[in-house]
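Everything below concerns the one structure shown next.
None of these values were measured; they are calculated from a predicted model. In listed order, ligands and their atoms are each counted from 1.
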Amino acid sequence: MHVLVTGGAGYIGSHTAVTLIERGHRVTIADNFDNSSPVVVDRIERITGTRPTIAAVDLLNKEALTNVFAADTPDAVIHFAGLKAVGESVAQPLRYYATNIGTTLNLVDVMREHNVHRLVFSSSATVYGDEQQPPYSEDGGHLNATNPYGQTKVMIERILADLAHAEPDWSIGILRYFNPVGAHESGLIGEDPHGIPNNLTPYILQVAVGRLNELGIFGNDYPTADGTGERDYIHVVDLAEGHVAALEKLATTTGAHAWNLGTGTPTSVLDVVAAFEKAIGKPIPYSIKPRRAGDLPQSWADTTRAEQELGWKATRDITAMARDGWRWQSENPDGYAGA
Ligand code: NAD
Ligand code: UDP
């Protein structure tokens, strides 16, 4: 298959591009490098021996996107492109709604004009909101989110479900990721956030290489085993493999389908810190800080549907996530900027 990967220069997209190429698919990456580096393309080539085609386009520019489709029409699209910082979305809601929803509307319109109807979309566990109880299952109830970023995912899920309902040609996979962490085992690609990381594991890794002094743990008074927040961390390569499984499933089914991609196992902040300390080989200094606004005590996936319908299951544990994350960060202390 020829797969167009929007946002394919980003963290999850680059790992998925590698898995797609390794499985024999042809990849075109469409990215404006707003939150990523062109160096990633060299790294994908080094890992796979194949250089993906690059289309440096902003998906908000529909004409540019149309040209990408006209030049080499894909068989399917995986749509990662978008903005993802929760705090920034609270401060700049219109930018988030315009970008995340605008890029998706442009994309499905151009797909339809070129008779391409197979789409995998990056959603998030954030759509389960704060009213449902974990483990979250796909048909567990009303979707909601506690911030504008999450609301864009809720809205796009609705748009895609309505589209598939109105036009039965479409095969759409909505993948609800839990907490992607780690890196490709080569150490050549990984997560490279701009500025101070919002997420736990990039923060730990930047403390480990001396870019940051100390980790703040946001709360140790939650009703959990050790008092810190629990999440379902999933190795980014397992996540990448879940995308390929979804693409293959969509070849034999129509409509819009939501699948959770997680491990089904919650891990506490303190247990994540311990796993990374072991991989890094030294302690990570931390102090306990107040709870972060909007954080849930616990979140983890019911993975039954993905296992049954996609024949996919995460296989890499927190030890592998820490080992591979550390290999990436220790070999690229300044991320792609140091390349
Ligand atoms: P990322 O920022 O590393 O990748 C997104 C890519 O999209 C970047 O390369 C960026 O340059 C590109 N992009 C942004 N706006 C664009 C535009 N207008 N036109 C073209 N390209 C554009 O993020 P990621 O962590 O790889 O996340 C990928 C997707 O998965 C996002 O949709 C995100 O919301 C979703 N997601 C991520 C997580 C997570 O924890 N990383 C969790 C759940 C869902
Ligand atoms: N967390 C923390 N310190 C940080 C970043 C995160 O203690 O610097 C905690 C956070 O409160 C949550 C967990 O780590 O319990 C995962 O947070 P992250 O931001 O990585 O993911 P999300 O909140 O999206 O699940």
Path from Leu239 to Trp328 over hydrophobic side-chain contacts below 4.5 Å: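 They do share one cluster, since a chain of ILVMFWY contacts under 4.5 Å joins Leu239 to Trp328.
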
Hydrophobic cluster identity match, Phe178 and Val237, side-chain contacts under 4.5 Å: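 In one cluster with Phe178: Val237, no.
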
Could you list which atoms of ligand 2 come closer than 4.0 Å to a heavy atom of [X]?
X	result
Asn198	5 (C), 19 (O)
Asp295	10 (C), 11 (O), 23 (O)
Leu215	8 (O)
Gly216	2 (C), 3 (N), 4 (C), 7 (O), 8 (O)
Ile217	7 (O)

Partner of Leu310 under side-chain contact (heavy atoms from CB on, under 4.5 Å), chosen from Lys249, Glu248, Arg305, His257: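 Among Lys249, Glu248, Arg305, His257, the one that satisfies the side-chain contact (heavy atoms from CB on, under 4.5 Å) with Leu310 is Lys249.
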
What I want to check is whether the side chains of [X] and [Y] have a donor and an acceptor closer together than 3.5 Å.
X	Y	answer
Tyr96	Glu88	yes
Glu214	Ser287	yes
Tyr177	His243	yes
Arg43	Asn332	yes
Ser268	Asp226	yes

Tell me which protein heavy atom sits closest to [atom], plus the residue, atom name and distance to 0.1 Å.
atom	value
atom 12 (C) of ligand 2	Arg231 NH2, 3.7 Å
atom 12 (C) of ligand 1	Asp31 OD1, 3.3 Å
atom 3 (O) of ligand 1	Tyr11 N, 2.9 Å
atom 24 (O) of ligand 2	Asn179 ND2, 4.1 Å
atom 13 (C) of ligand 2	Tyr233 OH, 3.5 Å
atom 20 (O) of ligand 2	Leu200 N, 2.9 Å
atom 17 (O) of ligand 2	Arg292 NH2, 3.5 Å
atom 22 (C) of ligand 1	Asn32 OD1, 3.0 Å
atom 7 (O) of ligand 2	Phe218 N, 2.9 Å
atom 2 (O) of ligand 1	Asn35 ND2, 2.7 Å
atom 26 (O) of ligand 1	Ile12 N, 2.8 Å

Would a distance-only check, ignoring hydrogens and angles, find a side-chain to backbone donor-acceptor pair under 3.5 Å from [X] to [Y]?
X	Y	value
Arg176	Ser122	no
Asn61	Ala64	yes
Asp58	Asn32	no

[X]: numbered ligand 1 atoms lying under 4.0 Å from its heavy atoms:
X	result
Phe33	11 (O)
Val57	19 (N), 20 (C)
Thr103	18 (N)
Ser36	8 (C), 9 (O), 11 (O)
Ser124	43 (C), 44 (C)
Asp34	11 (O)

Lys153 contact mode with ligand 1 (heavy-atom cut-off under 4.0 Å):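 Looking at Lys153 and ligand 1, just side chain atoms fall under 4.0 Å.
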
Ligand 1 contact on Asn179 by region, counting heavy-atom pairs under 4.0 Å: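 No part of Asn179 comes within reach of ligand 1.
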
Selection from [options] by shortest heavy-atom distance to [atom]:
atom	options	answer
atom 19 (N) of ligand 1	Thr104, Leu65, Leu261, Leu59	Leu59
atom 33 (C) of ligand 1	Tyr233, Tyr149, Tyr177	Tyr149
atom 15 (N) of ligand 1	Gly10, Ala55, Gly82	Gly82
atom 44 (C) of ligand 1	Pro193, Ser123, Ser122	Ser123
atom 39 (C) of ligand 1	Pro180, Ala81, Pro202	Pro180

Basic-acidic side-chain contact under 4.0 Å: [X], [Y]:
X	Y	result
Asp75	Arg118	no
Arg46	Asp42	no
Lys313	Asp238	no

Student check: side-chain heavy atoms of [X] and [Y] closer than 4.5 Å:
X	Y	answer
Thr6	Thr103	no
Trp312	Trp259	no
Arg316	Glu241	yes
Phe80	Val5	yes
Leu83	Asp34	yes

Within-cut-off N or O pair, [X] and ligand 1, under 3.5 Å:
X	result
Lys84	yes
Phe80	yes
Asp58	yes
Phe178	no

Hey, does [X] come in under 3.5 Å of ligand 2, counting only N/O atoms on both sides?
X	answer
Gly229	no
Val269	no
Asn199	yes

Minimal non-hydrogen separation, Leu270 against Thr228, with atom names: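 Scanning both residues, the minimum pair turns out to be N-OG1, 3.5 Å.
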
